[in-house]
Amino acid sequence: GAVVSQHPSRVICKSGTSVKIECRSLDFQATTMFWYRQFPKKSLMLMATSNEGSKATYEQGVEKDKFLINHASLTLSTLTVTSAHPEDSSFYICSANPRGGKNIQYFGAGTRLSVL
Amino acid sequence: GENVEQHPSTLSVQEGDSAVIKCTYSDSASNYFPWYKQELGKRPQLIIDIRSNVGEKKDQRIAVTLNKTAKHFSLHITETQPEDSAVYFCAASTNAGKSTFGDGTTLTVKP
């Protein structure tokens with residue numbers, strides 16, 4: 001149980017294009033999902049907290065117009081990197097907090113974004 | 001906001017030895033402290049967690065201790081094996097659910 005699916009696992013795109021990443025909780029309902037960015041050999045940096053049916057809460061320094069988050073249902077959250085640039089290349093990971101799960105987070109497998 | 005410090009950043013042990021990783025946190029409201037293991041290019045995997053109403057928790061070769069007064073918690077791995085080699089992250093979170101992660105410890109277990 002408690003499986004989080006994240007797609008795509010790897011994406012290569014041209015500078016200026018937009019990329020959408022999906023995060024799905026497969027066997028539980030997630031009232032809250034989190035989006036992280038991880039640089040090589042570094043820790044997970046929280047970008048935003050996504051709550052179903054409401055606007056995402058972004059961490060300081062994260063551009064909300066650059067990283068669009070939609071949490072349309074209790075099992076799906078999407079992150080769209082708009083007008084991607086090479087500096088947006090990174091490993092993006094989502095996690096989901098089950099309803100009633102008392103802070104436990106289950107992570108997706110991550111998306112490796114490379115912007116050319 | 002919460003600040004989590006993790007030490008050491010790298011740790012190398014001989015197979016069969018024990019490994020200890022320590023974390024400190026700053027927000028006294030934090031009440032949930034998970035530990036994650038992350039292999040290269042993979043997702044973080046929860047290996048053990050502890051809540052603020054408990055001082056110690058053990059699961060086979062892995063144990064976690066929590067000192068709320070001092071605001072620190074530690075991961076203990078006994079009888080280490082080469083497959084324990086990975087990056088380990090501690091985290092602290094409050095009832096709001098948002099977690100703050102430590103910078104990670106790269107553990108290498110030499111056969």
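When reading the values below, keep in mind they use all heavy atoms of this one structure, side chains included, and skip hydrogens, waters and symmetry mates. Everything numeric in this text was worked out from a predicted model, so none of it was measured. A note on names: the letters A, B, ... follow the listed sequences, proteins ahead of strands, and every chain is numbered from 1.
B:Val4 and B:Val64 fall within the same hydrophobic cluster, defined by Ile, Leu, Val, Met, Phe, Trp and Tyr side-chain heavy atoms under 4.5 Å apart, directly or through other members. B:Ile50 and B:Ile47 fall within a single hydrophobic cluster, where Ile, Leu, Val, Met, Phe, Trp and Tyr side chains are chained together by heavy-atom contacts under 4.5 Å. Linking Ile, Leu, Val, Met, Phe, Trp and Tyr whenever their side-chain heavy atoms come within less than 4.5 Å puts A:Phe28 and A:Ile104 in one cluster. The same ILVMFWY cluster, assembled from side-chain heavy atoms under 4.5 Å apart, contains both B:Phe89 and A:Phe91. Residues B:Leu46 and B:Tyr88 fall into different hydrophobic clusters, defined by Ile, Leu, Val, Met, Phe, Trp and Tyr side chains chained together at heavy-atom separations under 4.5 Å.
Using a 4.5 Å cut-off between heavy atoms, B:Pro34 makes no contact with chain A at all. In this structure, chain A has a heavy atom under 4.5 Å from the side chain of B:Gln38, while its backbone stays farther away. A:Phe107 touches chain B through backbone and side chain together, each having a heavy atom under 4.5 Å away. Residue B:Asp49 touches chain A through its side chain alone, counting heavy-atom pairs closer than 4.5 Å. Neither the backbone nor the side chain of A:Thr32 comes within contact range of chain B; no heavy atom of the residue lies under 4.5 Å from a heavy atom of that chain. Heavy-atom distances place both the backbone and the side chain of B:Phe101 under 4.5 Å from chain A. Heavy atoms closer than 4.5 Å to chain B are found in both the backbone and the side chain of A:Gln105. Residue A:Gln60 does not touch chain B at all, counting heavy-atom pairs closer than 4.5 Å.
At least one donor-acceptor pair closer than 3.5 Å links the side chain of B:Arg43 to the backbone N or O of A:Val4. Side-chain atoms of A:Asn103 come within 3.5 Å of backbone atoms of B:Thr94 as a donor-acceptor pair (strictly under, hydrogens ignored).
The shortest side-chain heavy-atom distance between B:Lys98 and A:Leu46 falls under the 4.5 Å cut-off. Counting heavy atoms from C-beta outward, B:Tyr36 and A:Leu44 have side chains that stay 4.5 Å or more apart. Inter-residue side-chain proximity for B:Pro44 and A:Tyr106 is flagged as unmet; no heavy-atom pair is nearer than 4.5 Å.
In the displayed structure, B:Gln14 atom CD is contacted under 6.0 Å by more than 12 heavy atoms of other residues, nucleotides or ligands. Counted within 6.0 Å of NZ on A:Lys42, heavy atoms from surrounding residues, nucleotides or ligands total 12 or fewer; the atom is thus considered open. Shown here is B:Glu79, whose CD atom has no more than 12 heavy atoms of other residues, nucleotides or ligands within 6.0 Å. More than 12 heavy atoms of other residues, nucleotides or ligands sit less than 6.0 Å from atom CG of A:Leu116.
The line from OG of B:Ser99 to OH of A:Tyr36 is 5.0 Å long, rounded to the nearest 0.5 Å. How far CD1 of A:Ile93 is from NZ of B:Lys42: 12.5 Å, rounded to the nearest 0.5 Å.
Taking both residues in full, the closest heavy atoms of B:Gly102 and A:Ser43 are given as O-OG, 2.5 Å, listed atom of the first, atom of the second, then distance.
Contacts with chain B were tallied for A:Gln6, A:Arg112, A:Met45, A:Gln38; A:Gln38 has the most, counting heavy-atom pairs under 4.5 Å.
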